[in-house]
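Working notes, beginning with the structure itself.
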Amino acid sequence: MKRLSRLGGRQQRQEQGSEAFPPDLGHGEDVPDAKWSKSLDSLLRPRNEAARHKALFEVADGTVYRSSLGRCEMLVDKGGLKVLKEILTSPTSTRLDRYLAVCTTYAVAFFPTLKMPLLEEAGILATLNALWWCGDALITGKVISQVEMMCFDAAPAKLLVKPVAALCVAMLTTLDNRDLHKKCLLTLLRISFHEECHDEAVASGVLRVLRDFSTQASEARASTENDVHWAATVALSNFTAGLDESHGDGVKASQDVLNGMVRLLKVKVDDGLGRIGRFFFSTGQVLMVVRNLALHAENARLLADLGVVNLVLKLLRRDRDKVRREVTPSGDFASDREDLAKASEDALNNTLLVAVRVLWTMSFDRTLASQIVEGGGMADLDGIHGYFDSVNFQRGVEAVQGVLFQIEGHQGGGGKPGGKPGRGGGSKWDVMISYQWDHQPQVLKMKNALEENGLSVWIDLDKMRGNILDQMAEAVEGSHVVIMCMTQKYYLSNNCHSEAQYAYALNKPIVPVVLEPGFRATGWLGLLLGMRKYVDMTGEFSRCSAELLEELRFKLGGAVALPRTPTAPAPTSAASSPAGSEAIAAMHDDVRKILEMMQQMS
């Protein structure tokens with residue numbers, strides 16, 4: 001009672017502007033279980049307004065102090081969220097009431113199993129979103145921190161991303177409050193770890209805002225400014241991994257950011273529960289950021305210079321039971337407490353998978369592939385391959401095979417180890433289609449059109465098993481022409497990167513096909529394709545497929561007799577004329593005829 005009385009006096013003085021807000025929750029003596037439970041009942045069925053104020057403070061204080069899953073579950077089960085929502089929306093609630101209600105929902109959001117029940121409470125999501133613009137920076141900051149907490153997990157992040165990304169962009173571009181800026185950027189950073197949230201976030205305009213904050217001058221920053229710069233750069237690298245040129249070709253990070261990530265990786269490799277500063281990131285998340293940063297070639301070389309290759313190999317050598325314990329959420333913080341064994345295995349396997357993918361991304365650079373070998377990585381990769389195989393973790397097996405394929409290809413002077421570059425008459429298939437699995441419906445339509453025109457087509461329809469890189473290499477070697485179906489996810493996929501690079505190494509005729517409107521090849525894909533003509537398959541299908549067949553007729557030359565398919569005229573832009581289009585088409589036909597004649601004469 002004395003503590004509450006002091007709080008009441010503090011509230012009155014705050015309203016008069018004589019003392020700083022907020023109350024000191026979660027310190028001092030704990031509220032005993034019996035008293036806390038009685039206070040909760042009083043909050044749900046208050047005798048009067050004074051009793052409600054007292055009960056609200058004791059519930060908030062006891063919930064924040066104990067941080068108890070049992071207390072939070074009781075509050076949810078008894079309908080406490082509905083009462084808290086009413087307090088947040090009531091015009092008669094004081095600033096103190098709203099602050100206590102937000103602190104209590106924040107405590108509930110701390111537990112993975114309660115995040116979705118919190119969001120599913122009718123009207124509470126809209127209520128929390130409205131508090132972003134309540135005019136009270138303290139309450140707004142607490143709400144944003146609560147949203148950041150929610151976005152640790154994929155399901156709530158997916159539900160929150162559309163409104164929250166828009167709110168973060170608005171706040172970052174209109175308010176001059178560095179503390180709120182930091183909270184917004186950390187929230188976007190949490191969202192960036194969930195790939196299923198990327199499209200909604202990018203559509204909200206996060207890239208432009210993150211780029212602005214990530215490129216601010218780095219000299220003489222206070223700690224908050226460092227947090228702002230770091231969070232913006234890391235979030236930007238996650239969101240832009242694999243995006244097309246309109247969003248930028250990866251993220252060139254500052255030396256400060258790269259140094260910070262490597263320091264954090266070192267801590268996580270030595271102890272998965274370790275952290276730098278107040279912000280917690282899992283080992284898998286840190287590895288994911290390193291991998292995304294390494295998509296930028298210059299970043300990859302700088303990260304290697306800072307010792308990333310050796311740190312990843314060190315993680316692969318660590319005792320797996322110790323790593324498992326460090327990366328597995330435990331106790332109240334496990335998302336599914338009823339199946340901890342499976343959660344533990346998934347956490348370990350996914351962490352090791354991302355570690356191998358870091359090596360795979362770096363192995364496309366010949367010098368960095370040599371670092372893996374010189375660091376003893378071949379034995380480590382062999383060991384982790386055996387582990388993945390023993391637990392039937394196919395994605396891990398494929399990732400290891402991908403690294404080995406690249407390393408052995410570099411050692412063999414390019415291409416598949418032990419294979420001989422071949423082309424021409426020995427081909428088993430006319431065409432191989434290289435694509436990323438998410439775009440299979442479009443690719444199947446393309447495949448059917450090619451086969452209807454007499455072409456034999458190799459395509460992976462059932463996700464290859466076993467040594468998929470060897471199977472892929474056989475398909476590339478056995479095909480006369482390779483069609484590369486370019487999308488954002490194709491660019492990001494190491495498997496697709498390997499296919500494309502191997503086709504290039506064997507000097508196979510390549511037909512680049514665009515499957516996403518506006519996509520432009522950049523980075524490794526742009527360098528590999530150079531000035532090759534793209535076939536745009538995003539328009540009307542019959543016209544696009546006719547153009548593709550014409551390009552294949554040119555690439556196949558005399559190897560395959562293709563029926564001539566009349567090409568429907570492409571729509572002209574305002575800047576072009578029909579006469580000009582016809583002249584260009586005629587010129588292309590003349591060039592093709594000359595090349596075909598030269599091929600027949602050779």
Side-chain angles (χ1 to χ4, degrees), residues 193 265-274 281-292 294 304 307-330 334-336 339-364 368-411 417 437 463-473 493-495 497-498:
F193 285 110
L265 179 61
K266 185 178 187 306
V267 169
K268 303 304 287 188
V269 166
D270 290 337
D271 177 5
L273 298 176
F281 298 95
S282 69
T283 305
Q285 287 176 329
V286 175
L287 288 164
M288 175 183 168
V289 173
V290 171
R291 191 263 172 176
N292 288 341
V308 162
V309 170
N310 289 332
L311 286 172
V312 174
L313 293 176
K314 181 179 178 181
L315 176 63
L316 297 181
R317 292 168 190 153
R318 286 195 59 203
D319 181 89
R320 292 199 182 100
D321 285 336
K322 289 183 179 179
V323 176
R324 185 196 310 271
R325 288 194 293 272
E326 292 168 0
V327 301
T328 302
S330 59
S335 295
D336 185 354
D339 196 0
L340 282 178
K342 183 178 185 307
S344 176
E345 181 174 331
D346 289 347
L348 173 63
N349 291 345
N350 287 324
T351 299
L352 296 176
L353 170 63
V354 183
V356 174
R357 283 178 172 169
V358 172
L359 298 179
W360 193 358
T361 298
M362 290 187 150
S363 70
F364 287 95
L368 304 189
S370 297
Q371 277 197 26
I372 297 173
V373 175
E374 292 163 4
M378 299 302 281
D380 299 321
L381 290 167
D382 185 60
I384 198 68
H385 183 280
Y387 166 73
F388 284 145
D389 193 46
S390 70
V391 297
N392 196 29
F393 189 54
Q394 183 64 23
R395 289 186 297 150
V397 171
E398 292 171 4
V400 176
Q401 291 170 354
V403 186
L404 295 174
F405 185 90
Q406 290 304 128
I407 290 174
E408 293 169 4
H410 289 311
Q411 291 175 336
W437 192 260
K463 290 193 175 180
M464 293 177 284
R465 294 292 184 265
N467 193 322
I468 65 168
L469 272 300
D470 276 350
Q471 295 175 56
M472 174 276 295
S493 166
N494 279 339
N495 274 328
H497 191 167
S498 293

| query | Can you name the closest pair of heavy atoms from Thr328 and Ser344 and give their distance? | reply | OG1-OG, 3.2 Å

| task | Salt-bridge test for Asp270 and Lys266: reply yes if a basic N is under 4.0 Å from a carboxylate O, no otherwise. | result | yes

| request: Can you see which heavy atom on Arg357 is nearest to which on Ala399, and at what distance? | output: CG-CB, 4.4 Å

| message | Between Trp360 and Val400, is there a side-chain heavy-atom distance shorter than 4.5 Å? | response | no

| Asn349 side chain to Arg395 side chain, donor-acceptor N/O pair below 3.5 angstrom | no

| query | Atom CD in Gln371, atom CG in Leu313: separation rounded to 0.5 Å? | reply | 9.5 Å

| Gap between atom OG1 of Thr283 and atom CG of Leu315 - 0.5 Å precision | 7.0 Å

| query | Looking only at heavy atoms, which two atoms of Leu316 and Ala355 are closest? And how far apart? | reply | CD2-CB, 4.1 Å

| task | Give a yes or no on whether the backbone of Val269 and the side-chain of Arg318 come within a donor-acceptor separation of less than 3.5 Å. | result | yes

| task | Please report the shortest heavy-atom distance between Phe388 and Leu353, naming the atom on each side. | result | CZ-N, 3.9 Å

| said: For Met362, run the side-chain contact (heavy atoms from CB on, under 4.5 Å) check against Val403, Val309, Val312 and tell me which one passes. | reply: Val309

| request: Would you sort out whether Asp321 and Leu348 count as a side chain to side chain contact (heavy atoms under 4.5 Å, CB included), showing the intermediate values? | output: CA-CA 9 Å; Asp321 285 336; Leu348 173 63; over 6 Å; no

| Straight-line distance of Lys268 NZ to Gln285 CD, nearest 0.5 Å | 8.5 Å

| Does Met378 offer a backbone N or O that forms a donor-acceptor pair with the side chain of Asp382 under 3.5 Å? | no

| With side chains defined as the heavy atoms from C-beta onward, is the minimum distance between Arg320 and Ile384 less than 4.5 Å? | yes

| request: Decide side chain to side chain contact (heavy atoms under 4.5 Å, CB included) for Val323 and Val327; before the verdict, give the C-alpha distance in whole Å, the side-chain angles of both, and the deciding distance to 0.1 Å. | output: CA-CA 6 Å; Val323 176; Val327 301; 4.2 Å; yes

| side chain to side chain contact (heavy atoms under 4.5 Å, CB included) between Ser363 and Leu368: does it pass, once the steps are laid out? | CA-CA 6 Å; Ser363 70; Leu368 304 189; over 6 Å; no

| message | Does any part of the side chain of Tyr387, heavy atoms only, come nearer than 4.5 Å to the side chain of Val397, both counted from C-beta? | response | no

| query | Rounded to the nearest 0.5 Å, how far apart are CG of Leu352 and CZ of Arg324? | reply | 9.0 Å

| task | Would you check if there is a donor-acceptor pair between the side chains of Ser498 and Gln406 at a distance under 3.5 Å? | result | yes

| said: Which label fits Phe193 and Phe281: parallel for a plane angle under 30°, tilted from 30 to 60°, or perpendicular past 60°? | reply: tilted

| For Asp319, does the CG atom sit with more than 12 other heavy atoms under 6.0 Å from it, leaving out its own atoms? | yes

| message | Within this structure, what is the CG-OG1 distance for the pair Leu287 and Thr351, rounded to the nearest 0.5 Å? | response | 7.5 Å

